Amino acid sequence: MRVLCVAEKPSIARSISQILSGGRVETRPTQNRFIKNFDFNYPQTNSTFTVTAVAGHLLAHDFPDAYKQWSSCDPFILFDAPIHVTVPAANKTIERNLMTEARTANTLMIWTDCDREGENIGWEIISVCRKARPNIVVKRARFSAIIPQQIHRAAQHPVELDEAQANAVEARITLDLRIGAAFTRMQTLTLQNRLPQFREKRDVVSYGPCQFPTLGFVVSRYNQVKSFTPEDFWYISLSLERELDREMKKVDFTWRRGHLFEEDVVIEIYEDGMESPRARVVKVTKKNVKKWKPLPLTTVELQKAGSRLLKLAPKKVLDIAEKLYQQGFLSYPRTETDQYDPQFDFMSLIGKQAVDPAWGRFAQGLQEGGFNAPRQGRNNDKAHPPIHPTAHAGNLAGDDKKVYEFITRRFLAGCSKDAEGFETTVDIEYGREQFCATGLIVLQRNYLDVYPYDKWSGKEIPDFRETEEFEPTTCEIKQGQTTSPSLLTEADLVGLMDKNGIGTDATIAQHIQTVIDREYVIERMDGATKHLLPSTLGIGLVEGYNEIGFDRSLSKPQLRREASTTERSMVQVCQGEKSKDQMLMESIEQYREMYVIAKREFEKVISVC
DNA sequence: GCAAGGTC
């Protein structure tokens, strides 16, 4: 029996070959420089195995030539135009390898990632292999981590490919293509016809089901900032100077009411309090507190942190992580998982960092008993572990070094202990009003020693006894003003997109880049922080669509959520409740209606310009 | 000249 195994990417093919062969494996090159074929015997199932890989999707979807010319047809018919599925030129060598290998195999075993996209890529692999060997037996290996026990079990107990999931992805692909092409052409051509400056520039005014909600977040925050009017507020500020370690220390007490927006009410309360000029300590609470170490690192968190702490654009961070992964320094950088597998080998990875001049000592400390199992997050994509360093890299420079250092420190911090501190809260009463002050002493820095990105500073306060009374050093009414929210940062935007299911870990950064490239969004430096500001064109597009569609507007995240990732409609396809075609027809119809209205409004607005 | 998803 000869079994052909196909993984989603070369790195997985290599890993599973190593595991299944026990190291006795022969490597054959293919015509594709990235992809190797691995041959070995697998006596557990009396088979000869060949393990190879694709590089993500194998097939491309596009309109036939007759529809490719923008002037060749009304964009509206793209909702119904045929879609050709081809192997693009770049993937021909991969296709050839699969067909050659399939010709002499009895069984095809799909080893793509166990997510929805993986089921679809599996289906693409099957369609190519069947061209060479129509009656090949097809199986699917199901695994949730690249660890020996799981990989052997997957090889020995294969299941069937989940066709409903593969269909759901297929539906999303054609839906996105039709909507993207139709709306993009309509927007661009309408603008070019009416406004000469667009004719000259030949800029594309693209529409995409991920681009527009992304832009929508930027515009929405911009509007909040623009419509903000500051409000005055008043509060009572109370302080006491008291000795601590032979020095006088000022303790600021916070008013329990926070602040109020009516000055006369605050004055009234203040004057009531003045009747008794002494404050009384109601309660002194002392407790041990912890500052939690960071969670295992996902792609989205890496991008947020990279933008916030390292000042690198999310796209840049991901590109660097990808390069370091290729060089063998990092684990796979596209992962949603923030839990480590229980059998994960932390110690040997920590050991590799012990030689580093900056954090080697800390790593040694972990080896010598300081190790604590990392926290468990709530996400597991069942395909990749959290991002971690796989080898020590001593010769990096510039941004590469910054990214590697962050990932390594984050990993070591996660293997350490939470920081420990001691918190004292003093509640007092002054008149009828309550105030409180808090002090903190950091007892054990633990993970903070290797993770300078987190700050936790102690603020000591003098001793207070319950029921004691004192006369405040100052007690006065102070005035303040509410401040406007700030424009979105890239980190904010990554977070919003992630929360709303716009794009995936691997594409969120790309969508942000796209709305910037299209000049819908402008990056603006405010001091050291980069903020995102919508352009006039960006605002115009979003407001225009909001006026047409209101709650189901194209720029709002709901439509995308329903139409692709956590989407209701796709889930129905997945569960077999609806056929792919039925679901597609319903979705297309919805967009067709919006297209007609959008086009009319577009022409109306532009004729006014 | 168009989308979003996977990967190198």
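Note that the structure is predicted; figures quoted are calculated from it, not measured. In what follows, every heavy atom counts, from backbone to side chain, and hydrogens, waters and symmetry copies are set aside. Chain A is the first sequence line, chain B the second, and so forth, proteins listed ahead of strands; every chain is numbered from 1.
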Enquirer: Could one point to a donor on the side chain of A:Asn91 or the base of B:dC8 with an acceptor on the other under 3.5 Å away?
Expert: no
Enquirer: Ignoring backbone atoms, test whether A:Gln510 places a side-chain nitrogen or oxygen under 4.0 Å from the OP1 or OP2 oxygen of B:dA4.
Expert: no
Enquirer: Any idea which of B:dA4, B:dC2, B:dT7 is nearest the A:Arg172 side chain?
Expert: B:dA4
Enquirer: Just wondering, do A:Tyr207 and B:dA3 stack (centres under 5.5 Å, planes under 30°)?
Expert: no
Enquirer: Name the nucleic acid region contacted by A:Asp113, choosing base, sugar-phosphate or nothing; use a 4.0 angstrom heavy-atom cut-off, strictly under.
Expert: sugar-phosphate
Enquirer: Tell me if the aromatic rings of A:Phe79 and A:Tyr591 count as close, with their centers under 6.0 Å from one another.
Expert: no
Enquirer: Checking A:Lys599 against A:Phe76: charged group under 6.0 Å from the ring centre and within 45 degrees of the axis?
Expert: no
Enquirer: Should A:Thr504 be listed as having a side-chain N or O under 4.0 Å from OP1 or OP2 of B:dG6?
Expert: yes
Enquirer: Examine B:dA4: is either OP1 or OP2 under 4.0 Å from a nitrogen or oxygen in the side chain of A:Thr507? Give yes or no.
Expert: no
Enquirer: Using OP1 and OP2 only, check whether a side-chain N or O of A:Arg518 sits under 4.0 Å from B:dA3.
Expert: yes
Enquirer: For B:dC8 and A:Arg334 - does any side-chain N or O of the residue sit under 4.0 Å from the phosphate oxygens OP1/OP2?
Expert: yes
Enquirer: Remember a base hit wins even if backbone is also touched, and classify A:Ile173 as base, sugar-phosphate or nothing at under 4.0 Å, heavy atoms.
Expert: base
Enquirer: Tell me yes or no: between the side chains of A:Asn97 and A:Thr52, is some donor less than 3.5 Å from an acceptor?
Expert: yes
Enquirer: Side chains of A:Gln513 and A:Asp517: do they bring a donor and an acceptor to under 3.5 Å?
Expert: yes
Enquirer: For B:dC2, take OP1 and OP2 only and decide whether either is under 4.0 Å from a side-chain N or O of A:Tyr67.
Expert: no
Enquirer: By nearest heavy atom, map A:Asp115 and A:Phe63 onto DNA chain B; which one lands nearer the 5' end?
Expert: A:Phe63
Enquirer: For A:Pro10, answer base if it contacts any base atom (sugar-phosphate contacts may also be present), sugar-phosphate if it contacts only those atoms, and nothing otherwise; contact means non-hydrogen atoms under 4.0 Å.
Expert: sugar-phosphate
Enquirer: Is it true that the side chains of A:Arg96 and A:Thr30 contain a donor and an acceptor less than 3.5 Å apart?
Expert: no
Enquirer: For A:His511, answer base if it contacts any base atom (sugar-phosphate contacts may also be present), sugar-phosphate if it contacts only those atoms, and nothing otherwise; contact means non-hydrogen atoms under 4.0 Å.
Expert: sugar-phosphate
Enquirer: From the list B:dG1, B:dC8, B:dA4, which nucleotide is the closest neighbour of the side chain of A:Ala55?
Expert: B:dC8
Enquirer: Atom NE2 of A:His57 to atom P of B:dA3: distance rounded to whole Å?
Expert: 16 Å
